[in-house]
Amino acid sequence: MQPPYDHPGYRSTEKRAPKQPLLKFPHTASEITGPGFDEKSIGRPLTDLTQALGGEAQGERIIVAGRVLDDRGAPLRRTLVEVWQANAAGRYRHDADQHAAPLDPHFIGKGYALTDDAGAFRFITIKPGPYPWQNHPNAWRPSHVHFSVFGPGFGSRIITQMYFPGDPLIPIDPVLNSIPDLGARERLVARFDHDALSEEGFALGYRFDIVLNGRDATPRDN
């Protein structure tokens, strides 16, 4: 289900792939039980990315919501969920991003929240734009949102990406295609939820549940 370390179509994996067999180390107690986030440790959640810099971000406003679950489908409460993404023009607010697309002065592209008792999270943001990258000629990444989820401890942290249904770049994206299992790739595509999540006159809704382990686990980047 997980991407192989070295996937020829995903060019940068050649440099990142280990050259020697991996060594297995047991988790320490702090990796299994920590860090244990709560409202006091993270401060005020940042769940509306469209209003983070004192103005209205540009682009298509969307709602992204879901739940964090374990392998039995049980919700994981008080789990730290972080998101980051490009703006509507497909550019990150980061010095390393030199894409010749405009920066949005009212969009920082980052947010975080704790899950509630049902394991649920909800963000209001802008639909990110696709952007070019240097993997191969005329290469473009599909629109996507990065997620980091800590679960009960550092040892259960996953980093992953959420994609949007119907994106024409998905079938030709080397990052997604590095995941050999079709079902696992499909679990990275959010479900458009018009009836329960979209809000009239405000934003369209996309639902994205994250499963930390087990047969239906969400594929991870890390």
Do [X] and [Y] make a side-chain contact, defined as non-hydrogen atoms from C-beta onward lying under 4.5 Å apart?
X    : Y    : result
T125 : F107 : yes
P219 : R185 : no
T218 : R187 : no

If I take atom [atom1] from residue [X] and atom [atom2] from residue [Y], how far apart are they, to the nearest 0.5 angstrom?
X    : Y    : atom1 : atom2 : value
I210 : R220 : CD1   : CZ    : 11.0 Å
I126 : L49  : CD1   : CG    : 9.0 Å
H94  : K110 : NE2   : NZ    : 7.0 Å
F37  : L114 : CZ    : CG    : 8.5 Å

Just to verify, what does [X] make a side chain to side chain donor-acceptor pair (under 3.5 Å) with, not counting sequence neighbours?
X    : answer
E39  : R78
D195 : none
D193 : R207
T79  : none

**Message:** Test of understanding: with side-chain contact (heavy atoms from CB on, under 4.5 Å), list the residues that count as partners of S143, not counting sequence neighbours.
**Reply:** P128, P130, F164, D167
Each residue besides [X] in its hydrophobic cluster should be listed here, by chain and number; the cluster joins Ile, Leu, Val, Met, Phe, Trp and Tyr at side-chain heavy-atom distances under 4.5 Å.
X    : value
W84  : Y92, Y131, I159
Y5   : L22
W140 : L169, I172

**Message:** Tell me whether K24 at atom NZ has more than 12 heavy atoms from other residues, nucleotides or ligands lying less than 6.0 Å away.
**Reply:** no
**Prompt:** Heavy-atom count around K127 NZ within 6.0 Å, excluding the residue itself: above 12?
**Reply:** yes
**Request:** Flag this pair as yes if the NZ/CZ of R16 is under 6.0 angstrom from the six-membered ring centre of Y10 and inside a 45 degree cone about the axis; otherwise no.
**Result:** yes
Would you find a donor on one side and an acceptor on the other, under 3.5 Å apart, between the side chain of [X] and the backbone of [Y]?
X    : Y    : answer
H144 : P142 : yes
E199 : A196 : no
Y112 : R44  : yes

Which atom names give the shortest non-hydrogen contact between [X] and [Y], and what distance separates them?
X    : Y    : result
S198 : G205 : OG-N, 2.8 Å
A86  : G129 : CB-O, 4.4 Å
I108 : R93  : CA-NE, 3.8 Å
P105 : L53  : O-CD1, 3.3 Å

**Prompt:** Are T47 and R122 close enough that a side-chain donor and a side-chain acceptor fall under 3.5 Å?
**Reply:** no
**Message:** Test: salt bridge (Lys or Arg N to Asp or Glu O under 4.0 Å). Region: residues 63-75. Which pairs qualify, not counting sequence neighbours?
**Reply:** D70-R72
**Request:** Over 60° means perpendicular and under 30° means parallel, so classify the ring planes of F123 and F147, tilted if in between.
**Result:** perpendicular
**Prompt:** Residues in salt bridge (Lys or Arg N to Asp or Glu O under 4.0 Å) with E200, at least two apart?
**Reply:** none
**Message:** Suppose we screen for salt bridge (Lys or Arg N to Asp or Glu O under 4.0 Å). Which residues come up paired with R141, at least two apart in sequence or across chains?
**Reply:** D173
Could you list the donor-acceptor pairs under 3.5 angstrom formed by side chains in residues 57-65, with sequence neighbours left out?
from : atom 1 : to   : atom 2 : distance (Å)
R61  : NH1    : F202 : O      : 2.7
R61  : NH2    : E56  : OE2    : 3.1

